[in-house]
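These figures come from a predicted structure and were not determined experimentally.
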There are 2 protein chains.
Amino acid sequence: MGRRSDHSREELEALILDAGQNLMAQVGFAHFSAREVAKRIGYSVGTIMHLFSSVDHLVLAINSRTFLLWTAWLEERLSGVSGNDRIYALVQGYFDFAAHHHNLWSAIYEHRLPADMAMPDAHNELRGCLMTLVEQEIAAVLPHVEQDEVARLARSLVASVHGHCAFALSGSFALLGEDAPLDLAMQRVIDTLRAQGAPSF
Amino acid sequence: MGRRSDHSREELEALILDAGQNLMAQVGFAHFSAREVAKRIGYSVGTIMHLFSSVDHLVLAINSRTFLLWTAWLEERLSGVSGNDRIYALVQGYFDFAAHHHNLWSAIYEHRLPADMAMPDAHNELRGCLMTLVEQEIAAVLPHVEQDEVARLARSLVASVHGHCAFALSGSFALLGEDAPLDLAMQRVIDTLRAQGAPSF
DNA sequence: TTATAAATTGCACAACGTTCAATTATTCTG
DNA sequence: CAGAATAATTGAACGTTGTGCAATTTATAA
């Protein structure tokens with residue numbers, strides 16, 4: 001008991017987040033448990049509570065990490081792609097990540113912050129990187145649109161694609177007889193880009 | 001113990017669903033509890049398990065009821081409205097319901113069916129009524145589009161609006177500095193209707 | 001060396017979903 | 001109408017969960 005020398009505070013936090021994200025990927029948000037995370041790293045639950053204060057803070061941190069993974073995933077999908085294909089790569093990458101990391105992706109949206117708990121700025125900025133990435137791509141396709149409007153469009157298009165992705169992964173689309181959610185999402189994006197006067201869509 | 005005469009099976013199910021939906025509205029999916037429902041109606045948890053088999057089935061039934069509420073809400077918002085305004089009423093009604101019944105609405109999407117549990121047909125049909133309603137409105141605005149395509153468009157537009165609504169209620173839009181999610185959603189719907197050649201949008 | 005501070009634990013608590021034998025109420029049968 | 005069969009309902013148990021806290025161990029400072 002009490003073996004501070006094994007890991008520094010930062011190392012221990014990383015250890016917990018690694019194990020936590022693995023557990024989340026394996027069992028999903030509904031069956032996630034701080035106790036199980038503790039068991040997996042050989043520490044007691046109290047240590048996790050000491051470092052993260054509550055299971056909500058831990059899940060928040062895990063989900064922010066997932067955003068990081070997600071952004072990297074999208075950047076890789078964009079590398080080497082040019083022109084309008086970058087928009088396709090972006091939408092498809094969005095769907096692919098969710099499909100390949102179903103539990104991690106869903107956890108982001110299944111977790112609701114307690115009413116008395118605000119999103120820490122650091123986490124918000126981390127998560128915002130994904131939106132920045134999308135803004136850049138939208139701006140490239142709509143060179144005549146001013147930046148504020150690009151930002152609004154990016155938010156809106158992400159929301160639209162998110163809706164399609166959520167319905168796809170939850171099974172709602174399947175229950176409605178829809179078998180090509182990605183095509184649907186892509187069409188909606190094209191509708192909007194054309195409405196904004198995108199040159200070649 | 002054992003007082004079968006108090007309520008018939010159907011009455012008791014309705015009693016549980018009423019109390020369950022009230023509890024869900026008050027505390028949200030994360031703090032919903034079958035035990036608390038039992039306490040509120042003066043029965044034991046065992047009785048609820050006997051009638052609904054598991055808390056997942058109970059939540060499923062509550063959420064299907066919410067779909068019913070939601071559909072009725074939309075129909076009321078549509079009554080007396082004509083022309084293109086019906087599309088506006090529909091999108092706004094979607095947002096309004098979610099805002100006025102945040103916990104009920106969110107519970108629909110926070111609840112994931114266990115992997116070994118399928119959506120019962122009866123519930124799927126119930127929930128499908130909302131989509132049918134939307135299909136009718138889309139068909140009215142796009143008279144030249146054939147029915148299968150209308151159905152696909154309806155699914156897609158609902159997904160898009162859902163994405164905007166989800167980001168609005170979760171606070172994601174606020175964190176991104178977006179303060180008019182409804183306008184955003186409405187614009188995306190118009191983009192698509194115009195792309196489909198809607199006469200007057 | 002001793003005092004102070006920080007980390008870590010183990011235990012307790014209340015609540016959860018689920019299971020099940022026991023009990024009570026109803027219905028069926030002869 | 002009595003007695004057997006059936007169905008409903010309960011209460012208690014079990015293994016979880018998140019959280020709080022006093023006690024203990026380790027590291028640091030004086």
Side-chain angles (χ1 to χ4, degrees), chain A residues 1-17 19-20 22-24 26-63 103 107 110-117, chain B residues 1-17 19-20 22-24 26-63 103 107 110-117:
Chain A
M1 323 139 179
R3 37 163 212 273
R4 251 198 326 196
S5 53
D6 280 18
H7 307 96
S8 73
R9 185 186 180 110
E10 289 72 23
E11 283 174 341
L12 191 46
E13 280 182 1
L15 202 64
I16 293 171
L17 288 174
N22 282 337
L23 177 61
M24 187 69 84
Q26 288 169 16
V27 306
F29 175 75
H31 299 105
F32 179 86
S33 139
R35 288 188 116 104
E36 175 63 23
V37 174
K39 200 179 300 178
R40 289 185 177 203
I41 61 171
Y43 276 78
S44 76
V45 206
T47 299
I48 292 185
M49 300 302 288
H50 181 59
L51 287 181
F52 287 89
S53 305
S54 78
V55 73
D56 280 304
H57 286 88
L58 175 56
V59 171
L60 182 88
I62 290 173
N63 286 347
N103 283 335
E110 287 174 55
H111 181 230
R112 276 174 69 183
L113 289 182
D116 59 352
M117 182 179 163
Chain B
M1 326 141 177
R3 37 161 212 272
R4 252 201 322 201
S5 52
D6 280 16
H7 307 97
S8 72
R9 184 186 181 109
E10 288 73 23
E11 284 173 339
L12 191 45
E13 280 182 2
L15 203 64
I16 293 171
L17 287 175
N22 282 338
L23 177 62
M24 186 69 84
Q26 288 170 15
V27 305
F29 175 74
H31 301 104
F32 179 86
S33 137
R35 287 188 116 104
E36 175 63 23
V37 175
K39 200 180 300 179
R40 290 186 175 202
I41 62 173
Y43 278 77
S44 76
V45 206
T47 301
I48 292 186
M49 300 304 288
H50 181 58
L51 288 182
F52 287 90
S53 306
S54 78
V55 74
D56 280 304
H57 286 89
L58 175 56
V59 171
L60 183 88
I62 291 173
N63 286 347
N103 283 335
E110 287 175 55
H111 182 229
R112 276 173 70 181
L113 288 182
D116 60 352
M117 182 179 163

Counterpart residues, side-chain contact (heavy atoms from CB on, under 4.5 Å), relative to Glu36(B) (two or more places apart): Leu23(B), Ser33(B), Lys39(B), Arg40(B)

Could you work out, with side-chain contact (heavy atoms from CB on, under 4.5 Å) as the rule, every residue matching Asn103(B), not counting sequence neighbours? Arg112(A)

Could you tell me, to 10°, how much the axis swings from one end of the helix from dT1(C)-dA30(D) to dG30(C)-dC1(D) to the other, five pairs per end? 10°

Whole-Å distance separating the [atom1] atom of [X] from the [atom2] atom of [N]:
X        : N       : atom1 : atom2 : answer
Ile48(B) : dT10(D) : CD1   : C1'   : 13 Å
His57(A) : dT19(D) : NE2   : C1'   : 14 Å
Leu60(A) : dG18(D) : CG    : C1'   : 17 Å
Glu13(A) : dT8(C)  : CD    : C1'   : 15 Å
Tyr43(A) : dG10(C) : OH    : C1'   : 16 Å
Ile41(B) : dT9(D)  : CD1   : P     : 10 Å
Leu51(A) : dG20(D) : CG    : C1'   : 16 Å

Any [X] side-chain heavy atom under 4.5 Å of [Y] side chain:
X         : Y        : answer
Leu17(B)  : Leu58(B) : yes
His111(A) : Ile62(A) : no
Ile48(A)  : Tyr43(A) : no
Val55(B)  : Phe32(B) : yes

Nucleotide by nucleotide, nucleotides 11-18 of chain C touches protein heavy atoms under 4.0 Å in the pattern (B base, S sugar-phosphate only, - none) -B---BBB

Asp56(A) (side chain) donor-acceptor with Leu113(A) (main chain) under 3.5 angstrom: no

All side-chain hydrogen bond (donor to acceptor under 3.5 Å, both in side chains) counterparts of Asn22(B), not counting sequence neighbours: none

Is the phosphate of dA8(D), meaning OP1 or OP2, less than 4.0 Å from a side-chain N or O of His50(B)? yes

Tell me what Leu58(B) touches on the nucleic acid: a base, only sugar-phosphate, or nothing, going by heavy atoms under 4.0 Å. nothing

Which part of the nucleic acid, if any, lies within contact of Leu12(A), taking any heavy atom under 4.0 Å across all strands shown: a base, the sugar-phosphate backbone alone, or nothing? sugar-phosphate

Which residue pairs pass the side chain to side chain donor-acceptor pair (under 3.5 Å) test when at least one of the two sits in residues 45-54 of chain B, sequence neighbours left out? Ser54(B)-His57(B)

